J.: 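Just passing along the structure, written as structure tokens.
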Amino acid sequence: MAECSVDEVADGIYRISTYLPDVVVHHGVTINQFLVLADEPLLFHTGLRTTFPETVAAVARLVPVERLRWLSFGHVEADECGAMNHYLAAAPQLEVAFGALGCRVSLEDMADRPPRSLAPREAIDLGGRRVVVVPTPHAPHNLEAQVLYEETTRTLLCGDLFTQLGPGPAVASDDLIDAAVDAEGVLRTASPGGAVPRTLEHLADFEPRTLAVMHGSSFEGDGGAALRELARAWPTHPTAPAGEIAAAGWLGE
């Protein structure tokens with residue numbers, strides 16, 4: 001059974017984290033959801049379908065699950081939205097909100113209730129807070145990729161960007177650049193070329209105070225500077241062949 005930790009990473013924004021030691025061989029990885037408390041609470045990421053009982057119990061420690069109003073995520077992948085329909089069944093008012101491309105290509109078929117399609121830079125009013133959707137195609141991967149920016153706390157819910165391997169604190173104020181570059185060196189899952197650095201530079205213009213990271217520690221501090229620094233350090237390697245990924249330990253043996 002997976003164990004979930006719950007930590008506040010910004011005012012009213014909570015990280016629900018599960019550490020899975022065997023997902024990436026010799027490293028392990030955290031899978032994090034973020035709950036934004038407001039009149040209409042929003043959950044960013046669902047976690048895996050298999051860990052739903054533990055993650056939903058952690059959510060219930062913060063807000064009654066039936067009060068959840070919005071559900072979004074960084075892109076369509078098992079760790080991001082594997083438990084989507086379980087949450088839809090548990091929360092009658094819950095609505096998936098995602099970019100138009102992801103809705104059209106995947107979610108209109110996958111979700112048990114019709115999703116709300118979001119235009120670029122469209123805001124969702126949570127009641128006392130707003131989150132803005134920012135498309136990030138191919139950064140770090142998937143054409144439908146996106147992030148959310150919570151304006152009140154200046155928190156960037158940044159999905160797989162800034163991924164780090166292994167366990168770590170809920171929030172760090174130290175430099176995470178080397179850890180993020182090292183993780184990409186192991187996983188080799190990002191799009192080749194300049195998509196990731198360009199996106200990081202673009203997101204830096206929000207000047208976030210908190211980077212809420214899907215895998216690894218969140219960051220508190222000068223988020224704009226951290227995004228620009230990672231853009232400069234980002235490796236522009238070609239896509240790794242399957243055999244190389246397996247050798248790196250992502251697929252296991």
Side-chain angles (χ1 to χ4, degrees), residues 1-10 13-37 42-63 65 68 71-84 86-87 90 140-142 147-148 155-190 210-221 223 226 230 245-246 248-253:
M1 177 178 293
E3 293 187 6
C4 296
S5 60
V6 176
D7 296 275
E8 192 172 23
V9 298
I13 300 180
Y14 290 83
R15 171 189 187 256
I16 298 164
S17 181
T18 305
Y19 178 60
L20 301 178
D22 300 322
V23 171
V24 181
V25 178
H26 307 309
H27 293 279
V29 69
T30 56
I31 296 179
N32 304 323
Q33 297 81 52
F34 294 92
L35 178 65
V36 181
L37 293 182
L42 175 141
L43 183 66
F44 191 66
H45 305 146
T46 71
L48 300 167
R49 178 182 58 83
T50 52
T51 60
F52 172 74
E54 292 77 34
T55 58
V56 76
V59 170
R61 290 161 54 185
L62 300 167
V63 65
V65 176
L68 290 176
L71 174 63
S72 194
F73 31 88
H75 54 267
V76 180
E77 195 172 20
D79 55 342
E80 306 265 344
C81 62
M84 172 179 64
H86 287 21
Y87 275 99
H141 48 255
N142 288 26
V147 301
L148 296 184
T155 295
L156 189 68
L157 300 160
C158 54
D160 279 355
L161 296 171
F162 269 92
T163 284
Q164 311 129 53
L165 297 177
V171 183
S173 56
D174 296 333
D175 187 347
L176 299 177
I177 306 303
D178 288 345
V181 171
D182 289 347
E184 176 57 19
V186 172
L187 300 177
R188 305 293 292 269
T189 57
T210 301
L211 304 175
V213 177
M214 169 69 164
H215 302 296
S217 301
S218 294
F219 174 79
E220 182 179 56
L230 183 58
I245 295 174
W250 175 241
L251 301 179
E253 298 178 349

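The shown structure was predicted, so the numbers you read here are calculated from the model rather than taken from an experiment. The basis for the numbers below is simple: all heavy atoms, side chains too, and nothing from hydrogens, waters or symmetry mates.
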J.: Roughly how far, to the nearest 0.5 Å, is CG of D178 from CG of L230?
T.: 10.0 Å
J.: OH/Y14 to CZ/R61 distance, rounded to the nearest 0.5 angstrom?
T.: 11.0 Å
J.: Can you find a heavy atom in the side chain of V213 that is under 4.5 Å from one in the side chain of L161?
T.: no
J.: Check the pair C4 / I16 against side chain to side chain contact (heavy atoms under 4.5 Å, CB included), numbers first and verdict last.
T.: CA-CA 6 Å; C4 296; I16 298 164; 4.2 Å; yes
J.: Minimum heavy-atom separation for Y19 and P167, please, with both atom names.
T.: OH-CD, 3.4 Å
J.: For H141 and D160, which I'm curious about, is there any donor-acceptor pair between the side chains at under 3.5 Å?
T.: yes
J.: Considering all heavy atoms of both residues, which atom of V76 and which atom of C81 are nearest to each other, and what is their separation?
T.: CA-SG, 3.9 Å
J.: Indicate yes or no: at least one non-hydrogen side-chain atom of V59 is less than 4.5 angstrom from one of L68.
T.: yes
J.: What do the steps show when you test T155 against F34 for side chain to side chain contact (heavy atoms under 4.5 Å, CB included), and what is the final call?
T.: CA-CA 11 Å; T155 295; F34 294 92; over 6 Å; no
J.: Nearest heavy-atom pair of G47 and I31: which atoms, and what distance?
T.: CA-CG2, 4.2 Å
J.: Would you call L43 and Q33 a side-chain contact if the rule is heavy atoms closer than 4.5 Å?
T.: yes
J.: Of all the heavy-atom pairs spanning T210 and A10, show the shortest one and how long it is.
T.: OG1-CB, 4.0 Å
J.: Quick one: CG on L157 to CE on M214, what's the gap to the nearest 0.5 Å?
T.: 12.0 Å
J.: Could you measure the distance from the CE atom of M84 to the CZ atom of F73? Nearest 0.5 Å is fine.
T.: 5.5 Å
J.: Would F52 and H86 count as a close aromatic pair, with their ring centres under 6.0 Å?
T.: yes
J.: Taking side chain as C-beta onward, heavy atoms only, is V9 less than 4.5 Å from F219?
T.: no
J.: Side chain to side chain contact (heavy atoms under 4.5 Å, CB included) between D182 and L165: does it pass, once the steps are laid out?
T.: CA-CA 8 Å; D182 289 347; L165 297 177; over 6 Å; no
J.: So do E8 and I13 actually touch side chain to side chain, heavy atoms under 4.5 Å?
T.: no
J.: Would the distance check show the side chain of S173 and the main-chain N or O of E220 forming a donor-acceptor pair, the cut-off being under 3.5 Å?
T.: no
J.: Under 4.5 Å between any side-chain heavy atoms of E80 and T46, yes or no?
T.: no
J.: Would you please say whether a donor-acceptor pair under 3.5 Å links the side chains of H45 and D79?
T.: no
J.: Considering non-hydrogen atoms only, spot the tightest contact between A172 and S217 and give its length.
T.: CB-CB, 4.2 Å
J.: Kindly compute the distance separating CG (N32) from OG (S17), expressed to the nearest 0.5 Å.
T.: 4.0 Å
J.: Between atom CG of L48 and atom OG1 of T18, what is the distance when rounded to the nearest 0.5 Å?
T.: 8.0 Å
J.: With side chain to side chain contact (heavy atoms under 4.5 Å, CB included) as the test, would you mind laying out the steps for V181 and Q164 before giving the verdict?
T.: CA-CA 8 Å; V181 171; Q164 311 129 53; over 6 Å; no
